[in-house]
Amino acid sequence: PQNRQTPEAATTVPQTSSVNSPAVPVSDDRRSSLPAPPQPGDPSFIAYQQSTKAVDQLNAALSLPRSEATEKLVVAAATLGVVRDQRVDEIALNKPTATQPGGTTAFVIEKTGNPETDRVSTLSMPQVMQMRLDEGYRTLAQAVPVQTIAQNLQPTPALGLEEPSGRKLT
């Protein structure tokens with residue numbers, strides 16, 4: 001029969017692991033709707049650049065190549081930076097202890113010039129690695145600083161806003 005697959009064809013898997021994969025033709029409109037890294041002009045682009053630099057430095061120190069796993073760390077750290085309104089100057093991993101293996105926590109560090117006042121946030125590496133990259137890009141694109149959210153929740157009397165009952169908000 002002519003429709004029979006050869007053993008080689010049956011084991012071939014298309015390479016589609018990249019968001020910019022050639023599996024979606026350039027002229028295809030679906031490509032523009034796929035989540036992708038932030039581009040210049042995007043609100044999260046600076047945090048993404050900072051995180052990329054910090055992860056590249058960590059990779060160099062550990063002699064690791066860029067990979068999907070390191071890109072997940074870039075995206076998670078950038079999202080954390082945006083949400084916490086924190087620069088991403090460095091990323092470090094925890095060292096092994098008697099109770100915890102090394103590399104299970106990532107420290108996202110904003111350097112202040114004094115290690116005692118550096119801003120440090122943490123990420124759970126198992127959670128970062130479980131994240132789908134396309135979902136991470138989508139979350140990063142939608143990230144808003146917590147402080148901005150809090151400010152937007154407070155009524156502004158100067159606007160003369162009223163509740164549906166007609167009572168003025170103060």
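With rounding to the nearest 0.5 Å, the separation of CZ in Arg132 from CD in Glu68 is 10.5 Å. We find the CD-NZ distance between Gln127 and Lys72 to be 12.5 Å, quoted to the nearest 0.5 Å.
The backbone N or O of Asp89 lies less than 3.5 Å from no partner atom in the side chain of Glu110, so there is not a single donor-acceptor pair. A distance-only check finds a donor-acceptor pair linking the side chain of Asn114 to the backbone of Glu116 [under 3.5 Å]. Checked by atom type and distance alone, the side chain of Arg87 pairs as donor or acceptor with a backbone atom of Lys111 at under 3.5 Å. When atom types are taken as modelled, the side chain of Asn94 and the backbone of Pro101 share a donor-acceptor pair closer than 3.5 angstrom.
Closest heavy-atom contact between Gln50 and Val88: OE1-N, 3.1 Å. The minimum heavy-atom distance between Thr117 and Thr112, with the atom names listed, is OG1-OG1, 2.6 Å. The shortest heavy-atom contact between Ala77 and Ile91 is CB-CD1, 3.6 Å. Taking both residues in full, the closest heavy atoms of Ala69 and Met129 are given as O-CE, 3.2 Å, listed atom of the first, atom of the second, then distance. Taking each heavy atom of Thr104 and Pro126 in turn, the nearest pair found is O-CD, 3.4 Å. Closest approach of Thr79 to Gly136, counting heavy atoms only: OG1-O, 4.4 Å.
With 3.5 Å as the limit, one finds no donor-acceptor pair spanning the side chains of Gln39 and Tyr48.
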Under the side-chain contact (heavy atoms from CB on, under 4.5 Å) criterion, do Met125 and Thr105 qualify, and how do the steps go? CA-CA 5 Å; Met125 288 303 292; Thr105 302; 5.8 Å; no
Could you walk me through whether Leu123 and Leu80 pass the side-chain contact (heavy atoms from CB on, under 4.5 Å) test, one step at a time? CA-CA 8 Å; Leu123 291 168; Leu80 185 68; 4.0 Å; yes
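The shortest side-chain heavy-atom distance between Gln86 and Ser121 falls under the 4.5 Å cut-off. Under the 4.5 Å side-chain criterion, counting only non-hydrogen atoms from C-beta, Val75 is not in contact with Ser51. You'll find the side chain of Val144 stays beyond 4.5 Å of the side chain of Val82, heavy atoms only.
In the hydrophobic clustering of this structure, Met131 groups with Leu73; members are Ile, Leu, Val, Met, Phe, Trp, Tyr whose side-chain heavy atoms approach within less than 4.5 Å, directly or through other members. Hydrophobic clustering, with ILVMFWY side chains joined whenever heavy atoms are under 4.5 angstrom apart, keeps Val74 apart from Ile46. Residue Val108 is grouped with residue Leu93 when hydrophobic side chains (ILVMFWY) are merged at heavy-atom distances under 4.5 angstrom, including chains of intermediate members.
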Please report, to 0.1 Å, the donor-acceptor pairs under 3.5 Å made by any side chain of residues 55-62, with sequence neighbours excluded.
residue, atom, partner, partner atom, Å
Asp56, OD1, Arg66, NH1, 3.3

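Residue-environment remark: CZ (Arg119) exceeds the threshold of 12 foreign heavy atoms within 6.0 Å.
Here Val120 sits in one hydrophobic cluster together with Phe107, Ile109; the rule is ILVMFWY side chains under 4.5 Å apart, joined directly or through other members.
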